Each structure stands twice: as structure tokens, then as C-alpha cells.
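None of these values were measured; they are calculated from a predicted model.
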Amino acid sequence: MKNPIALVLTCAIALLIAYGTLKPPGSSSDPWILNDKQVHFLAFAFLTLPMGWVRPQAVLWLVPLAICYGGIIELIQPMFGRGAELGDLIADGLGAMTGALPGLIRHSIRN
């Protein structure tokens, strides 16, 4: 692997997303300035950013994998007392694509 730090960061962000989206609702007072969809968007943008930056060719599998991850989370959320929302999955997908863009732009400029 060209940069193992990117893989470790991606895995750590994936775990944080799992924790944040599967913890029971109301388990803390969320002092978020952003709304739920904005948080989903940013979380999935950060999820694809590290690997997309160091391996832009990985975007072909990274973004679909991130979207599937978001879909799986939405499917299992009801088991954790949370609601599944199509809007969350859309925000996840848009965020995953946006997070991959800086690496693609960097790659296109360098070539």
C-alpha cells in the first residue's frame, strides 16, 4: 500500500460513523450546529477523502462501497431503536462522491 495512514484513517472514520449512527437515540445531548443530513454528508465525505486522495483510481470501488456501507447502516438502524431514512442514504452517497473529488482533481492536474 502506498500510504497505510489513509487506510487506517478510513477504517477509523468508518468505525466512528458506525458508532454515531447506531448508538441509541437520545443517548446524549447532541450540540450539533448542523442538521442530520449535513452530518451524514460530511461523515461520508470524510470517509472517502483519505483513500481517494492517495489512490484516486480506488474511487471506482471506494464510493460504491461507502454507499453500500451507508445502506447497510440504514437497514440495521431499526434494530438499534433508530429510524432508517432514504434521505440519510442520499446524503451519504453525495458525501462519498464529494469526498472522492479532491483526489480525482489532484490526479487529473498531475497527469
Item to check | Any residue meeting side chain to side chain contact (heavy atoms under 4.5 Å, CB included) with Pro56, in chain and number order, not counting sequence neighbours | outcome: Leu104, His107

Checklist outcome for this item: In short, Thr48 meets Leu62 closest at the heavy-atom pair O-CD2, 3.5 Å

Checklist entry - Going only through I, L, V, M, F, W and Y residues with side-chain contacts under 4.5 Å, is there a path from Leu7 to Leu15? => result no

Checklist entry - So, for Gln77 and Thr21, which heavy atoms are closest and what is the spacing to 0.1 Å? => result NE2-O, 2.7 Å

Next on the checklist: Would a single hydrophobic cluster contain both Ile17 and Ile76, if residues Ile, Leu, Val, Met, Phe, Trp and Tyr are joined by side-chain heavy-atom contacts under 4.5 Å?
Outcome noted: yes

Item to check | Summary of salt bridge (Lys or Arg N to Asp or Glu O under 4.0 Å) pairs that have at least one residue in residues 7-21, sequence neighbours excluded | outcome: none

Item to check | Linked, directly or transitively: Tyr69 and Met79 (ILVMFWY side chains, under 4.5 Å) | outcome: yes

Item to check | Residues in salt bridge (Lys or Arg N to Asp or Glu O under 4.0 Å) contact with Asp92, at least two apart in sequence or another chain | outcome: none

Checklist entry - Taking the side chain from Glu85 and the backbone from Glu74, do they hold a donor-acceptor pair closer than 3.5 Å? => result no

Checklist entry - So how far is it from Ile33 CD1 to Asn35 CG, rounded to the nearest 0.5 Å? => result 12.0 Å

Item to check | Residues forming a side chain to side chain contact (heavy atoms under 4.5 Å, CB included) with Ala12, sequence neighbours excluded | outcome: none

Item to check | Side-chain donor/acceptor of Arg106 to backbone N/O of Trp53, under 3.5 Å | outcome: yes

Next on the checklist: Under 4.5 Å between side-chain heavy atoms, counting indirect links through other Ile/Leu/Val/Met/Phe/Trp/Tyr residues: same cluster for Ile13 and Leu22 or not?
Outcome noted: yes

Item to check | Minimum heavy-atom distance Lys37-Ala91, with the two atoms named | outcome: O-CB, 3.5 Å

Checklist entry - What residues form a side chain to side chain contact (heavy atoms under 4.5 Å, CB included) with Thr10, not counting sequence neighbours? => result Leu47, Pro50, Met51

Checklist outcome for this item: What one should report as the nearest heavy-atom pair of Leu89 and Gly70 is CD1-C, 3.7 Å

Item to check | Distance, nearest 0.5 Å, that separates CZ of Phe44 from CG of Leu49 | outcome: 14.5 Å

Checklist entry - In the single-linkage hydrophobic clustering (I, L, V, M, F, W, Y; side-chain heavy atoms under 4.5 Å), do Leu16 and Phe46 co-cluster? => result no

Checklist entry - Who passes side chain to side chain contact (heavy atoms under 4.5 Å, CB included) against Val63, sequence neighbours left out? => result Val59, Ile67, Ala96, Met97, Ala100

Checklist outcome for this item: Closest non-hydrogen contact found for Phe41 with Thr98 is CZ-OG1, 3.4 Å

